[in-house]
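Structure, as structure tokens:
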Amino acid sequence: MLSQHVIDSLFPPELPEPEHWEHRYPPRDLPAGAEVTRFAPSPTGYLHIGGVYAATIDADVAHQSGGRYLVRLEDTDQARFTEGAAEQFAEAFAYFSIVPDEDDASGRYGPYHQSARAQTYLTYVRELLRQGRAYPCFATKQDLAEITARQRAAGALPGYYGKWALWRDADPDQVSERLAAGEPYVVRFRSPGLTGTRVSFTDAIRGQLTLDDNRNDAVILKSSDAEPRLPTYHFAHAVDDHLMRISLVIRGEEWISSVPLHLQLFDALGFERVTYAHIALLMKQDGGSRRKLSKRKDPEATVSFYIEQGFPAPAVQYYLRGLANGRLAEMPLAEALVAPIRLSECGTAGPLVDMVKLDDICADYVATLAGEQILAEVTAWADRYAPDLAAVLAAERPLALRALAIEREGSANPRKDLRKWADFRPVYGYFFPELFIPVTDPADPRFGGLDPDLVRAVAGAFAAGYTPPGPDTDWFGQIRGLAADLGFAPNQKAYKQDPAAYPGSIREASQVIRILLTGTPRSPDLAAVAAALGPDEVLRRVRAVG
């Protein structure tokens, strides 16, 4: 074993002892049963919607128990750092109302990003070296490759352990010589695990699990020739979870296999073990099989997709909470957003993300909103993602509210054609003269093949005798009258009985007016559309067809 003098010479002389950090980060003063949870994303890419799912559970479980929820940026992998990822995380947390309870400005357990906690980790690495629970390792990439080849040839389990761990039991004098020569090294944890042994632990979601114990001497401090000198994730998370006084770690099921190593680290460091809860990963139906929702394959896997498309945050929150606990999916949205998420009700099979279902939930939610609120949400979204639309909405606010009121305000069955804020332009854009392109070609295929001269005749007759909608006006009667004058059948039944006698039914005649006013064969009540547009705009559009 190396002498304490040699060990201490590897670290800054002013490095604090563990007691310093224990005093700096005391146990939290919280009521009995309160859970302290953390969401710990790595800024090596943009946030997955599964991260919002996990953070939602984190925040809810903490708050329902009277505890604290925090976010810790795990940025020790500097080589894979993605510029802008941290800012995107913060935007996502704000959008989905899962802002942490404490941060660098307000919390006493920070810094809340690992790259700023390097000195803390060095204290505990030094402590493990002093106790002989860790050791310097000078194995090169070539050494490791040769070990792997020999293990494969011998049929041995892969890894750096036992007789395969070149520097585990090296002579202290040899190690001291290498250190004195300035050769680069990593620090490895001296695993107490043995090949073939099994360990059990209780998962807060899955109950008792039994796994192979960790036998590998994992790297806990990266190479000495790197600056800053940072730990690996496995070691950093153990130190941080202890000092931040985390009591419950909720994370994806891909980390289950790491639990034996993590428990060994907690024990070696003399820390109380945390409770782990491993959630199932979000899945997607792909043909006849299910697979993990992938940022590489699926646009809906990335949080930015939901923000950029303007999915209403409460609807997405409701959907995610329902994936966590099926009970919540059966509740009304407002109740489900405040009802507790229970770890005992989280399944072990990956919940399926169904975008059709989410669209339906969003449509139902938007249908409950007043026009003023919808306009405010759309405007806020457009300010960032569609500035031309934002300018139109600012200039045409009364028209926008009239459009939103159609078949919505006072209706027992309000419209559900708006699911997300990016839908506003395709659904409502035709109301705005600045966005609407008048239909000028009487042979336009949207008229369904109707004779162009007849299209002109319908438009001309409508414009010549136009009467705006009003409480005493049979608005549709003017279309019925001109259709009869131009030889259209009075209804579909009559047209089907003798199609050769008519150019179409009154349906085709009214569809000409619908296309001219809205540009689409599907729209809300035509009289309500005309009332919202006003007579001048109605006539401008109808007269545009050549």
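If you're wondering where the values come from, they're calculated on a predicted model, not measured in any experiment.
In this structure, a donor-acceptor pair under 3.5 Å is present between the side chains of Glu35 and Ser247. No side-chain donor from either of Tyr69 and Glu102 sits under 3.5 Å from a side-chain acceptor of the other. Judged by distance alone, the side chains of His242 and Glu22 do bring a donor and an acceptor atom under 3.5 Å apart. Defined by atom type and a distance below 3.5 Å, a donor-acceptor pair is missing between the side-chain atoms of Asp286 and Ser289. No hydrogens or angles considered: nothing links the side chains of His262 and Asn214 as a donor-acceptor pair under 3.5 Å. Checking Asp203 against Gln208 by side-chain atom types alone, no donor-acceptor pair falls below 3.5 Å. In the model, Gln264 has a side-chain atom that pairs as donor or acceptor with a side-chain atom of Ser191 under 3.5 Å. Counting only N and O atoms by type, the side chains of Ser115 and Asp75 include a donor and acceptor under 3.5 Å apart.
Under a 4.0 Å N-O distance rule, the pair Lys284/Glu300 qualifies as a salt bridge. Between Asp240 and Arg38, no side-chain nitrogen of the basic residue sits less than 4.0 Å from a carboxylate oxygen of the acidic one, so the salt-bridge criterion is not met. Salt bridge Arg245/Asp29: absent, no basic N to carboxylate O contact under 4.0 Å. For the pair Arg72 and Glu74, the salt-bridge criterion is met [side-chain N within less than 4.0 Å of a carboxylate O]. Remark: Asp298 engages Arg291 in a salt bridge, criterion side-chain N to carboxylate O under 4.0 Å. In this structure, Lys420 pairs ionically with Asp423, as a charged nitrogen and a carboxylate oxygen lie closer than 4.0 Å. Residues Asp212 and Arg198 are paired through a salt bridge, judged by an N-O separation under 4.0 Å between the basic side chain and the carboxylate. Salt bridge Arg384/Glu308: absent, no basic N to carboxylate O contact under 4.0 Å. A salt bridge is defined here as a Lys NZ or Arg NE, NH1 or NH2 lying under 4.0 Å from an Asp or Glu carboxylate O, and Arg321 with Glu335 fails to meet this definition. Using a 4.0 Å cut-off between charged side-chain N and carboxylate O, Glu407 and Lys416 make no salt bridge. Arg206 and Glu253 are joined by a salt bridge, as a carboxylate oxygen and a charged side-chain nitrogen come within less than 4.0 angstrom of each other.
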Name every donor-acceptor pair, under 3.5 Å, that has one atom in a side chain of residues 46-56 and the other anywhere in the protein, sequence neighbours excluded.
unit_1: His48; atom_1: ND1; unit_2: Gly50; atom_2: N; d: 2.7
unit_1: His48; atom_1: NE2; unit_2: Leu293; atom_2: O; d: 2.8
unit_1: Thr56; atom_1: OG1; unit_2: Val52; atom_2: O; d: 2.7

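Distance CG/Leu248 to CG/Leu343: 6.0 Å, rounded to 0.5 Å. Atom CD of Glu272 sits about 9.5 Å away from atom CZ of Phe266, to the nearest 0.5 Å. Taking CG of Leu320 as the reference point, atom CD1 of Ile98 lies at 9.0 Å (rounded to 0.5 Å). Here the SG-CG distance, from Cys362 to Leu418, works out to 10.0 Å after rounding to the nearest 0.5 Å. In this structure, Glu345 CD and Ile205 CD1 are separated by 11.5 Å, a value rounded to the nearest 0.5 Å. To the nearest 0.5 Å, atoms OG1 (Thr123) and CG (Leu15) are separated by 3.5 Å.
Aromatic ring centroids of Tyr124 and Phe271 lie under 6.0 Å apart. Aromatic pair Tyr233/Trp255: ring centres closer than 6.0 Å.
Within a 6.0 Å sphere centred on CG of Asn413, heavy atoms belonging to other residues, nucleotides or ligands number 12 at most. Atom NZ of Lys292 is surrounded by 12 or fewer heavy atoms from other residues, nucleotides or ligands within 6.0 Å.
Side chain of Tyr319 to backbone of Met355: no donor-acceptor contact under 3.5 angstrom is found. Judged by distance alone, the side chain of Arg117 and the main-chain N or O of Pro111 form a donor-acceptor pair under 3.5 Å. A donor-acceptor contact shorter than 3.5 Å is absent between the side chain of His23 and the backbone of Glu19. Remark: the backbone N or O of Ala528 is paired with a side-chain donor or acceptor of Asp525 at under 3.5 angstrom.
At a threshold of 4.5 Å between non-hydrogen side-chain atoms, the residues Leu129 and Pro136 count as touching.
Note on ring orientation: taking the six-membered ring where Trp is involved, the planes of Tyr25 and Trp21 are parallel (angle under 30°, cut-offs 30° and 60°). Aromatic ring orientation, Phe432 versus Phe424: tilted (interplanar angle from 30° to 60°).
For Gly110 against Asp104, the heavy-atom pair with the smallest separation is CA-OD1, 4.3 Å.
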